[in-house]
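Following: one structure in structure tokens, then a few remarks.
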Amino acid sequence: MKERMGLTKQYLRYVPSGNVNIITSPRCNVAFVTLEGQEGRFVAVGACEHVIIWDLRLGEKAQVLTGEKTIVTRLAASPNKQHIAVGYADGTLKTFDLRSGENVSIFVGHRSEITSLSYDALGHRLASGSKDTDIIIWDTVAETGICRLTGHKDIITKIAFMSEQNIIISSSKDTLVKFWDLDTEHNFKTLVGHRSEVWSLALAKNDQYLITGCNDNELHVWKIYFVDAQNSEHDINLSALNINEDETTDMQKYPLRCEKVGSILRNGRGRIVSLEVDSSHTVVGCHGVDNTVELFHFISESKVKEKVAKRLKKEKKKANRDKSETNINSLNIPTLKDEIKRLPAIKVSNKAKGIDMLMGKGNELRVCVGIDNNSLDLYSLVIEEKDSEVKCLRSIVAHGHRTNVRVVCFSSDNLAFATASGDSVKLWSRPSLACLRTVECGYALTATFVPGDRHLIVGLKDGKMLIIDIASGDILEEVPAHTKELWSVTLFPDLKGVASGGGDQTVKFWNFELIHDPDSQIKAKVLSVLHTRTLKLEECVLCVRISPNNRFVAVSLLDSTVKIFFLDTFKFFISLYGHKLPVLCMDISSDSTLIATGSSDRNIKIWGLDFGDCHKSIFAHDDSVTGLSFVPNTHYIFTCGKDGKIKQWDADIYQKIVTLQGHAGEAWNCAVSPNGVYVVSCGSDRVVRLYEKTAEPLVLEDEAEEERERAENELVTGETTGVQGQKQQLLPSRKTVNSEKAAELILECLDITRAYDEELSQVEGTNIVPALPPLMQAYNCKTSEDFLLETVKRVRASDLEETLLLLPYSAACEILKMLPKLLKSGFHAELIARLTLCLIQAHHGPIMSNENLLSTIETVKALIFERISTLRDTVGYNLHCMLYVQRYLEEQEGIQLFKDATKKKEHRNKVRRNKHRALKRAIMAL
């Protein structure tokens, strides 16, 4: 009996080739960044999984910081203006170098979406808050976690570092505002005076004031000050504050006091969304769920004293005139009205989703607003001027649609594709991904290119059919095709006309024709359509397709059936039953043998067009199937659904080939280019995604195995469970796939070194040297200790603690015994010290009870103190030498180093030239 050998069918992989249409994502804030030494010109925004830095002067993309699959939810620019921190929906945190655009570090500690990010004053630490209710402090220099702060019972909404104190303040949806001492990692104060969720907070005027926002149109203002514990006369009555009795003892240990001093009424209605401060911490901006951005200026102390003095003088004159007694002491105390000035509000075109502010020269305040309709506005305001007005400097709107994109279609030459939304139609270049043309129109439901790619046919929600001239961007004609929605337009196979299906229960057939334009003086003819035939049906038409062999017309109806008619006579051929909900999309293969239908019941069905039999029903998506398209000249199908996924199927074997990176939210439509190389899709995340076929082969079994691995990796979350005798710790990081792989690498390293050391011991006293293991040769190591050090160096700094926690106690003992030799070499003393501390903290109990390890630990302790002290002395010596050289050169040459003298000289020359020109103009006038 012969055994048949089956051949594995291979496919070519489609990969993401670029995104268009997205300007700013409504789920992320906006942040000013500094590029090329210029402030106020560049702003970073979240654009799904990427971060786009827009040049507001040119209105173009200056840089794109690429992400992977999860969308960006939070941004924070570092104070040193060199880095930006990016938080993602899966709890991952990344930092990027703004000059090179490279990813500097990755922090994994949260279990869900990042909701708040904040740098400290120096930019050395980064605080992150998440939906998992935890706050984590990260060391951006050492690229590791410092601590995890737990105490809130709901989503963290905002975090802020105090500039002078080692304290952070956090707000949450649990109605609490907490103060954390980072020296002790302890929550020493909680404000409980809010009656609803605290959505945001901001520190203003050198941390003197804390502003919090809740569900009402009122901003709560709190005064922060410090008192001497021994001086009780300035202390306030604890019972007057909104503080729990349990916290009274904690408050007496800490000098910080926080007292509510008043409220600011907002003009906007609804809850607060965001509170932001500018770089000088004197202007607070806020916006709610409406389209109003309100600004409040905290006036300087000198001007506050002037206002109080004027009021005092006025009241004294009034008291002398009326001969009445007035309490002068009460008038001498500044009120909140004296300290805060309301600036003109900014009205934007739609709901504001994120703001950032920057104070420029001449007290010019720049405000960048990310808007819900996929646009970005930059406003300017001079805060010191009386009756100053808000000026809109720049609006970035041309790079995307204002509403959701519902339609995509390819041109016949594969070089362009069109997208249509509720307000416009845009034409995009496929190679450059640039927007070539924008045509304003009504709510579009369907579109197709006319043969020749010079015109577009667009169907609208009001039933009109538009003929658009692509070259001029004009609407040539509005044809009243249907009385209700025009759901579908499809080309004839002979390319001589189109068929349209609408909600008025008809399918109409139109022929292309060239007519003279009566409004134009040019004798050239323009494109039009001529109605030839009408197919009347009993239900609303959702989709129309004509078979490529020009024999059949398939019509999807609202009664969940697909009816197929002969194209020439409209005689009924067959009805396709089986879907439980209406068919939203369908397509016919190029050889006219198969018809595939996608329905709201989440299934796609593959039918034979010869007898109308259902070959296979596949549960394709987790929600309605919204788009379906055959790859030309194949039986491969691309589908998209409201679950956001884009999938490729083989209609011959009824199996899924691959799931492509989809949309965050619903996917509305997908289209395949005529050559089958490109796929384009659109979704509710405002992104139009382009995919390209590569030469990389794809095997179904391998792809299924990779999907299983990804599903297993997604389950590897949560805290590491310690073994018996191991100290339980609340680490900043969490267990990830990378930490597990790193632990396996270290264990493999220990196994190799153990086997190599045994070989060395066997040949001890002879001249025979055993061959180095292949992995040690690859790492260019000659000893076991060097091999261990090279392995540990390959572990990401933020994953090191979790990696060491995953090691068994026996492995920890082996590593500790190897440390003395490593420390005597004098290299990487800082890394070895951290490795030692992590191992001892993780296995403290068993190590302390092991007498054999105590002598090793004592040796390691002495060596670590010696090496770290030497390292510290070296750094200090070099630092002070550089300071001495700087002072010496400044004294010798009479200039200040690290100051741009060239710019100062150019400024002086410019002023001199302007004076000369003014003098010349005055002489000429005389």
Side-chain angles (χ1 to χ4, degrees), residues 16 18-29 45-52 67-74 88-90 113 273 289 349-354 370-376 397 399-409 417-426 428 433 435 441-447 460-461 485 487 542-543 581-582 584-585 598-600 602 620-629 638-647 659-671 679-691:
N19 296 344
V20 298
N21 188 63
I22 185 75
I23 295 174
T24 176
S25 176
R27 287 187 62 178
C28 185
N29 63 319
V45 300
C48 280
E49 68 271 18
H50 305 309
V51 176
I52 298 176
E68 294 178 357
K69 293 185 177 180
T70 53
I71 65 172
V72 177
T73 57
R74 197 71 190 171
Y88 295 88
D90 61 353
E113 178 182 320
V273 173
V289 292
S349 58
N350 209 304
K351 291 181 181 179
K353 288 295 183 180
I371 308 175
D372 191 33
N373 63 359
N374 192 31
S375 62
L376 199 62
V397 295
H399 296 267
H401 290 278
R402 306 278 73 74
T403 57
N404 285 345
V405 180
R406 293 299 184 110
V407 184
V408 289
C409 60
F417 59 91
T419 58
S421 68
D423 60 354
S424 62
V425 176
K426 285 182 179 287
W428 305 86
L433 299 180
C435 181
C441 67
Y443 199 112
L445 296 176
T446 182
L460 302 184
K461 194 173 184 179
E485 299 91 346
W487 287 111
L542 299 179
C543 190
L581 291 172
L584 302 179
C585 52
S599 167
S600 296
R602 303 178 288 179
H621 291 269
D622 297 329
D623 208 331
S624 302
V625 182
T626 54
L628 186 149
S629 183
F638 277 95
T639 63
C640 64
K642 286 187 178 180
D643 58 358
K645 295 177 181 177
I646 314 295
K647 298 184 179 182
T659 301
L660 300 176
Q661 177 184 344
H663 295 267
E666 298 92 347
W668 293 119
N669 204 345
C670 65
V679 179
V680 65
S681 67
C682 60
S684 62
D685 55 3
R686 306 280 175 84
V687 181
V688 177
R689 299 183 184 274
L690 183 67
Y691 308 91

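What you see is a predicted model, and the numbers here were worked out from it, not measured in a lab. Quick note: numbers below take in every heavy atom, side chains included, and nothing from hydrogens, waters or symmetry partners.
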Specify the closest pair of heavy atoms between [X] and [Y], including all atoms of both residues, with the distance to one decimal.
X	Y	result
Gly422	Thr403	N-OG1, 2.9 Å
Cys585	Cys543	CA-SG, 4.3 Å
Ser681	Tyr691	OG-CE1, 3.6 Å
Ile371	Ser349	CD1-OG, 3.9 Å
Gln661	Arg689	NE2-NH1, 3.6 Å
Val405	Ser421	CA-CB, 4.1 Å

| message | Show, in sequence, the C-alpha distance, side-chain angles and deciding distance for Ser375 and Arg402, and conclude whether the side-chain contact (heavy atoms from CB on, under 4.5 Å) test is met. | response | CA-CA 7 Å; Ser375 62; Arg402 306 278 73 74; 4.0 Å; yes
If I take atom [atom1] from residue [X] and atom [atom2] from residue [Y], how far apart are they, to the nearest 0.5 angstrom?
X	Y	atom1	atom2	result
Asn29	Lys353	CG	NZ	12.5 Å
Leu433	His399	CG	NE2	12.5 Å
Cys670	Leu628	SG	CG	7.0 Å
Lys461	Cys441	NZ	SG	13.5 Å
Cys28	Arg74	SG	CZ	7.5 Å
Ser629	Asn669	OG	CG	9.0 Å

Is the shortest heavy-atom distance from the side chain of [X] to the side chain of [Y] under 4.5 Å?
X	Y	result
Ile71	Asp685	no
Ile22	His50	no
Cys682	Thr419	no
Val625	Leu584	no
Trp428	Val688	no

| task | Give the C-alpha distance, both sets of side-chain angles, the deciding distance and a yes or no for side-chain contact (heavy atoms from CB on, under 4.5 Å) between Thr626 and His621. | result | CA-CA 10 Å; Thr626 54; His621 291 269; over 6 Å; no
| said: Just to verify, what does Lys642 make a side-chain hydrogen bond (donor to acceptor under 3.5 Å, both in side chains) with, not counting sequence neighbours? | reply: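 None.
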Can you check whether [Y]'s main-chain N or O pairs, donor with acceptor, with [X]'s side chain at less than 3.5 Å?
X	Y	result
Asn374	Ile23	yes
Tyr88	Lys69	no
Ser624	Arg602	no
Thr70	Ala89	no
Asp372	Lys351	no
Asn21	Arg686	yes
Arg406	Leu445	no

| Taking it one step at a time, do Asn19 and Cys48 satisfy side-chain contact (heavy atoms from CB on, under 4.5 Å)? | CA-CA 10 Å; Asn19 296 344; Cys48 280; 5.5 Å; no
| message | Looking only at the side chains, is there a donor atom on one of Ser684 and His663 sitting less than 3.5 Å from an acceptor on the other? | response |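 Their side chains do not contain a donor-acceptor pair, so the 3.5 Å distance test is not met.
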